[in-house]
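In what follows, a single structure is set out as structure tokens and then discussed.
All heavy atoms count here, side chains included; hydrogens, waters and symmetry mates do not. Source: prediction; values computed, not measured. As the structure lists them, so they are numbered: ligands from 1, and atoms in each ligand from 1.
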Amino acid sequence: MPLNIVVGITGGIAAYKAVSVVRSLVLAGHDVHVVPTESALRFVGRPTLEAISRNPVHVDLFEGVAEVRHVAIGQAADLIVIAPATANSIAKLATGLADDLLGNTLLASEAPVVVAPAMHTEMWRHPATQANIATLRERGVTVVGPAVGQLTGSDSGPGRLEEPEVIVRAALEVAARHGLDVGAPEARAAASASDLDGVRIVVTAGGTREPLDPVRFLGNRSSGKQGVAIAEAAAARGAEVTLIAANLEVDAPGGCRVERVSTALELRAAVLAAAEQADAVVMAAAVADFRPADVSDAKIKKVDGQERMSIDLVRNPDILAELGASEHDGTLLVGFAAETESDPERLLELGRAKRRAKGADLLVVNRVGWSHGFTADDNTVTVIDAHDRVAAEAAGAKTSVARVILDLIAERLAPGTGPTTKDTPTA
Ligand code: CTP
């Protein structure tokens, strides 16, 4: 059964890319109804949208009033995709405004909604837009992108519309997650909805905290967003996910078994136990390399006249290196490298050296700094493979980066192309 998919197009330069989104969904066998806003039609013409979607295109609330079209389109929809979604349309959706056909369609629908934002970086970063996006996410809307890259003018940064194939794949993943039949096997493959079916993945996320006394700890700025995005996307693709969560700043996703830990030693114990049954271990957590040598049972007090103090630290075990050096029986090991190096070539070299030192099969090099990496919603990464080659580069929302990393994992776990999964009998 084809899905009834509404593609809302709002008024931004990237509207031309929505044509590819519509086309891919039609070619995957779905019944696509395009609802552009008035301003979207300044960027793409109605005849193009009608020809590509193979359906009439309506914009006006007062057309077809007898059929109560403003309600009917939303009621009939199985899935709604808005691409591009401008800052204005996101604000309208967050507040529930219904002053055009798209607004009415959205309010009249109970279908899952996927939004692909596109705007200038300043508009994306504006607290109003971020608050609206947070509202939409809380309501269960899936936000795809924006990607980081060249924008319409000479500027670049987060705000670029995600590539049409990424939007289509994310939209079909959402539909599959809602139990909708995403159609032909090709479409299902495009959705990657189940390419990790039954694969056991352990993901660590967050940052460890090493206590000094009952009220203080040494920690780091990792929010856990990237690891959580990987865990969530892996579960959506059918994997059995164990998320080992170290002091997350974000909610743990549904569909995963969550184990909470705090220190590096607790994380190590949880990872080593879970790794025994895992096909892949993704070490996205930021693990403290050192911990205080002594933990005081009482709050450490300053002494009168004391101007300095020092803390004696001892080395924590390197969990990834330990897994890499162990008999890990075909378990795919994915590490991260958080580096502040700004020169891209040197950054890559540091990543290669780290991958070798840790014995990881894939290493995701991630530039971090005062203003980027850790707490942001976006990430820019380069993934190095076991031959020290660049296997992928990804930039954009941490959810999009997660998808790229999982594609690499899925390729390597597919029978015959990479390490055997634990269920595969060995000769
Ligand atoms: N890691 C780990 N155990 C540690 C430290 C790090 O398993 N004690 C893992 C991280 O989860 C990550 C990878 O090793 O997947 C690299 O972490 P990173 O902090 O970038 O590197 P370090 O090994 O700590 O090296 P350095 O801080 O010297 O750059």
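A donor-acceptor distance shorter than 3.5 angstrom exists from the side chain of Q226 to the backbone of K398, with no hydrogens or angles considered. Side-chain N or O atoms of R355 include one that pairs as donor or acceptor with a backbone N or O of A360 at under 3.5 Å.
Among protein heavy atoms, the minimum distance from atom 14 (O) of ligand 1 is reached at K358 NZ, 2.9 Å. At the top of the distance list for atom 12 (C) of ligand 1, counting protein heavy atoms only, stands F336 O, 3.0 Å. Protein heavy atom at the shortest distance from atom 3 (N) of ligand 1 is I319 N, 3.1 Å.
Close approach of ligand 1 to G335 is summarised as follows: ligand atoms under 4.0 Å from at least one heavy atom of the residue are 15 (O). Interface of P317 with ligand 1, defined as ligand atoms under 4.0 Å from a residue heavy atom, comprises 3 (N), 4 (C), 8 (N). Atoms of ligand 1 found under 4.0 Å from any heavy atom of D289, numbered from 1 in the order shown, are 4 (C), 5 (C), 8 (N), 24 (O), 27 (O). In summary, the atoms of ligand 1 found under 4.0 Å from a heavy atom of A337, numbered by their order in the structure, are 20 (O). For ligand 1 and M283, the ligand atoms under 4.0 Å from any heavy atom of the residue are 7 (O), 11 (O), 12 (C), 15 (O). Within the listing of ligand 1, atoms 16 (C), 18 (P), 20 (O), 21 (O), 22 (P), 25 (O), 26 (P), 29 (O) sit less than 4.0 angstrom from a heavy atom of K354. Less than 4.0 angstrom separates some heavy atom of A338 from each of these atoms of ligand 1: 20 (O).
The shortest non-hydrogen separation linking V404 to A392 is CG1-CB, 3.8 Å. Between E162 and S400 the shortest heavy-atom distance is OE2-OG, 2.9 Å. The two atoms that bring L333 and G359 nearest to each other are CD1-O, 3.9 Å, heavy atoms only.
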For residues 300-308, tabulate all N or O donor-acceptor pairs below 3.5 Å that involve a side-chain atom, not counting sequence neighbours.
residue	atom	partner	partner atom	Å
Q306	OE1	V303	N	3.0
Q306	NE2	R308	O	3.2

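Between D378 and K225, none of the side-chain N atoms (NZ, or NE/NH1/NH2) sits under 4.0 Å from a carboxylate O, so this pair counts as no salt bridge. By the 4.0 Å N-to-carboxylate-O rule, R54 lies too far from D31 to be salt-bridged with it. Using a 4.0 Å cut-off between a side-chain N of Lys or Arg and a carboxylate O of Asp or Glu, R237 and D195 qualify as a salt bridge.
For the pair E339 and ligand 1, the shortest N or O to N or O distance does not fall below 3.5 Å. Distances between N or O atoms of A284 and those of ligand 1 include no value under 3.5 Å. Residue A286 has no N or O atom closer than 3.5 Å to an N or O atom of ligand 1. At least one N or O atom of A285 sits closer than 3.5 Å to an N or O atom of ligand 1. Checking only distances, L320 does come within under 3.5 Å of ligand 1, N or O to N or O.
Under the rule for a salt bridge (charged side-chain N to carboxylate O under 4.0 Å, His left out), the partners of E349 that lie at least two apart in sequence or sit in another chain are R352.
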